[in-house]
Amino acid sequence: MSVLLFGVSHRSAPVSVLEQLSTDESEQVKIVDRLMQSPLVTEAMMLSTCNRVEVYAVVDAFHGGLSAIGQVLAEQSGMTVPELTKYAYVRYSEAAVEHLFAVAGGLDSAVVGEQQVLGQVRRAYASAETNRTVGRTLHELAQRALAVGKRVHSETGIDAAGASVVSVALGMADTKIDGLRGKTAVVIGAGAMGALSAAHLTRAGVDNVYVVNRSLPRAQRLARKIREAGAAAEALSLEKLHVALADADVVVSCTGAVSPVVSLADVHNALAAATRDTDQPLVICDLGMPRDVDPAVSGLPGVLVIDMERVQREPSARAAAADAEAARHLVSAEVATYLAGQRMAEVTPTVTALRQRAADVVEAELLRLDNRLPDLEAAQRDEVARTVRRVVDKLLHAPTVRIKQLASAPGGDSYAEALRELFELNQTAVDAVANVGELPSLPTDSTE
C-alpha cells in the first residue's frame with residue numbers, strides 16, 4: 001500500500017500555524033489539483049478543519065511524494081518548507097490507515113469522541129470523488145474509514161468521553177467554590193473544548209464568562225453563543241488575559257497550544273488585582289494536552305489547579321477513559337481487518353494471472369493434441385480436456401489458497417513477488433488484471 005499522509009493538527013502545531021494553513025473548499029480543490037500534477041501522485045484528497053489540515057495521497061515514491069505535498073502546502077500557507085515540516089507529522093502505508101480510522105472515530109479530536117469530524121471526512125472524500133482525484137485505493141480507504149467511524153459512535157460510549165472530562169473538572173471546581181451559580185468564569189480557547197466548557201458553565205448558572213482566545217473573531221463568535229444562552233459574555237484577545245483573570249472565580253483552559261499560555265506571572269498578578277471573594281480559591285481547570293498552565297502555578301497560595309491527571313483519577317472520568325479505550329480497540333481491530341483484506345487483494349491479481357497462465361498452457365497443449373491426433377473423437381477430446389483442467393486446478397488450488405492466507409499477514413506482499421518470480425509471470429499481465437473493474441458508487445447515507 002502506498003498511501004502517504006502529510007498533516008498538521010492541534011496536536012502538532014499552535015493555532016497561528018493552523019490559521020495560516022486554513023483554506024476554504026475552493027482553495028482545497030486547487031491544492032489537490034496541483035498535487036495531481038506531480039507525476040509521483042496518482043490519487044489525493046484533503047481534509048481541512050479548524051483543528052487539522054491533512055493530505056492523503058497515493059504516491060509512487062515516498063520521498064518524492066512527501067516533497068511534492070510539502071511544497072504545495074508551504075506555498076499555499078506562505079511558509080517555507082522547513083517552517084512547515086517543523087509542525088507536520090507524516091504517516092505512510094499502514095500507519096496512514098490507522099490514523100485516518102482514528103480521526104474518523106473521533107479519537108484524534110480536541111474533544112475525544114466528537115462526531116463532526118466524521119462528516120468532514122465524508123465531505124473531503126466527496127469533494128475528491130467529484131473532482132476525480134481519488135481512485136480505487138483512496139475510495140476503499142475513505143469508505144472503510146467512514147464505516148469505522150459510524151461503528152465507533154454506535155457501538156461504544158465514546159460520544160460522552162470528551163464531555164465527561166469537562167463535566168468532571170467543573171464538578172470538582174463547583175465543590176471548591178460553593179457552587180458555580182452566580183460566579184465569573186474564564187474560558188481560554190474558543191475551539192471545540194472551549195465551546196463545550198462554555199455550555200457547561202452556562203447550564204451551571206454562571207453570571208459572566210470571559211472568552212479569551214488568540215484569534216479575537218473566534219472568541220467573539222463563542223461569546224455571542226453564550227449570550228444567546230442567557231449569560232453575560234465578553235471576548236478578549238490572549239493579550240488581555242490578565243484582565244479576565246483578575247475577575248475570575250473559575251478558569252477553564254483548553255487551547256491545544258504546544259506550550260503553556262497561562263504563566264506564573266499571569267496568575268500572581270491576577271491574585272494581586274483580584275476583585276472576587278478571596279476567601280475562596282481561584283480554581284483553574286487545565287484541560288490542555290499538553291498543559292496550558294505553568295506547573296509552578298499550582299504552588300501559589302489561594303490557587304487550586306485541576307489538571308488532567310486529577311480529572312482522570314475520578315471514577316466517572318475512568319469510565320469515560322474505558323469508553324475511549326473500547327473505541328481504540330475497535331479501531332485497531334478494524335485496521336487489522338482492513339489491512340489483511342488489502343494485502344489479500346494485492347496478491348489476487350498475481351493469483352489470477354497464474355491461473356490465466358495455466359489456462360493458456362492447457363489450451364496450447366490441447367491444440368497440440370488436436371494437431372497430433374486429428375482423428376480423435378470429440379467425446380474423447382472433451383474428456384481429455386476435462387481431465388487436464390482438473391489436474392491443473394487441483395495442483396493450483398492448495399498453493400493459491402495458501403498464498404492468500406500468507407499474504408494477509410504483515411509482510412505478505414513478498415509472497416506475491418515470489419509467485420511472480422517462480423512462475424515467470426509478466427508484470428504487465430498482473431497489472432492488467434489489477435486494473436479491471438469499476439469503482440462502486442458513493443453511498444448516499446449522509447450521517448455525520
Side-chain angles (χ1 to χ4, degrees), residues 1-7 9-12 45 47 49 51-52 54-58 62 88-122 124-125 136-165 192 289 308 312 317-347 404-415 443 445 447-448:
M1 177 174 293
S2 55
V3 177
L4 173 64
L5 158 65
F6 184 101
S9 78
H10 62 283
R11 296 188 184 279
S12 67
M45 75 174 191
L47 173 62
T49 73
N51 285 324
R52 73 180 66 248
E54 294 180 345
V55 171
Y56 294 83
V58 177
F62 173 81
Y89 47 88
V90 176
R91 305 287 186 271
Y92 187 61
S93 189
E94 298 182 0
V97 172
E98 183 174 15
H99 182 84
L100 181 56
F101 283 15
V103 167
L107 286 167
D108 195 58
S109 297
V111 178
V112 173
E114 62 98 0
Q115 296 190 38
Q116 186 179 7
V117 70
L118 185 59
Q120 291 164 339
V121 172
R122 180 178 294 280
Y125 168 74
R136 181 171 295 277
T137 298
L138 285 186
H139 169 85
E140 293 177 353
L141 176 60
Q143 291 301 301
R144 193 62 200 157
L146 292 169
V148 170
K150 291 171 70 174
R151 273 200 68 196
V152 167
H153 289 293
S154 64
E155 298 179 23
T156 75
I158 194 176
D159 289 8
S164 175
V165 169
M289 293 289 282
M308 289 297 290
Q312 289 166 356
R318 286 200 293 271
D323 289 329
E325 188 61 25
R328 291 188 184 94
H329 282 304
L330 189 155
V331 167
S332 294
E334 285 281 3
V335 168
T337 300
Y338 176 82
L339 293 176
Q342 288 296 302
R343 286 188 288 262
M344 288 181 66
E346 287 172 8
V347 79
K404 287 186 177 182
Q405 294 171 341
L406 293 171
S408 67
D413 53 348
S414 60
Y415 292 101
D445 181 9
T447 301
E448 295 183 1

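Worth knowing before you read on, the calculation uses all heavy atoms, side chains too, and leaves out hydrogens, waters and symmetry mates.
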Q. Which pair of non-hydrogen atoms, one from Leu118 and one from Leu146, has the smallest distance, and what is that distance?
A. O-CD2, 3.7 Å

(Q) Nearest 0.5 angstrom please: Leu5 CG to Tyr92 OH, how far? (A) 12.5 Å

Q) Listed by chain and number, what are the ring pair (Phe, Tyr, Trp, His ring centres under 6.0 Å) partners of Phe101, not counting sequence neighbours? A) Tyr338

Q. Looking at CZ of Arg136 and CD of Glu140, how far apart are the two atoms once the value is rounded to the nearest 0.5 Å?
A. 5.5 Å

Q | Gap between atom OH of Tyr125 and atom CD of Gln143 - 0.5 Å precision | A | 5.0 Å

Q: With sequence neighbours excluded, tell me which residues meet ring pair (Phe, Tyr, Trp, His ring centres under 6.0 Å) with His99.
A: Tyr89

**Q.** Pairs where residues 327-338 contributes a residue and the test salt bridge (charged side-chain N to carboxylate O under 4.0 Å, His left out) is met, not counting sequence neighbours
**A.** Arg144-Glu334, Arg151-Glu334, Glu325-Arg328

Q: Give, for atom CE of Met45 and atom CD of Glu54, the distance between the pair rounded to the nearest 0.5 Å.
A: 9.0 Å

Q. Closest approach of Ala145 and Ala104, non-hydrogen atoms and distance?
A. O-CB, 3.4 Å

Q) What's the shortest heavy-atom distance between Ala96 and Val3, and which atoms? A) CB-O, 3.8 Å

Q: Mind checking side chain to side chain contact (heavy atoms under 4.5 Å, CB included) for Ala327 and listing every partner two or more places apart, or none if nothing turns up?
A: Leu107, Val152, Thr156, Ile158

(Q) Could you report the tightest heavy-atom contact between Ser9 and Arg52, atom names first, then the distance? (A) CB-CB, 3.8 Å

Q. Could you give the distance from CG (Leu141) to OH (Tyr56), rounded to the nearest 0.5 Å?
A. 8.0 Å

Q. Closest approach of Leu4 and Phe62, non-hydrogen atoms and distance?
A. CD1-CE1, 3.5 Å

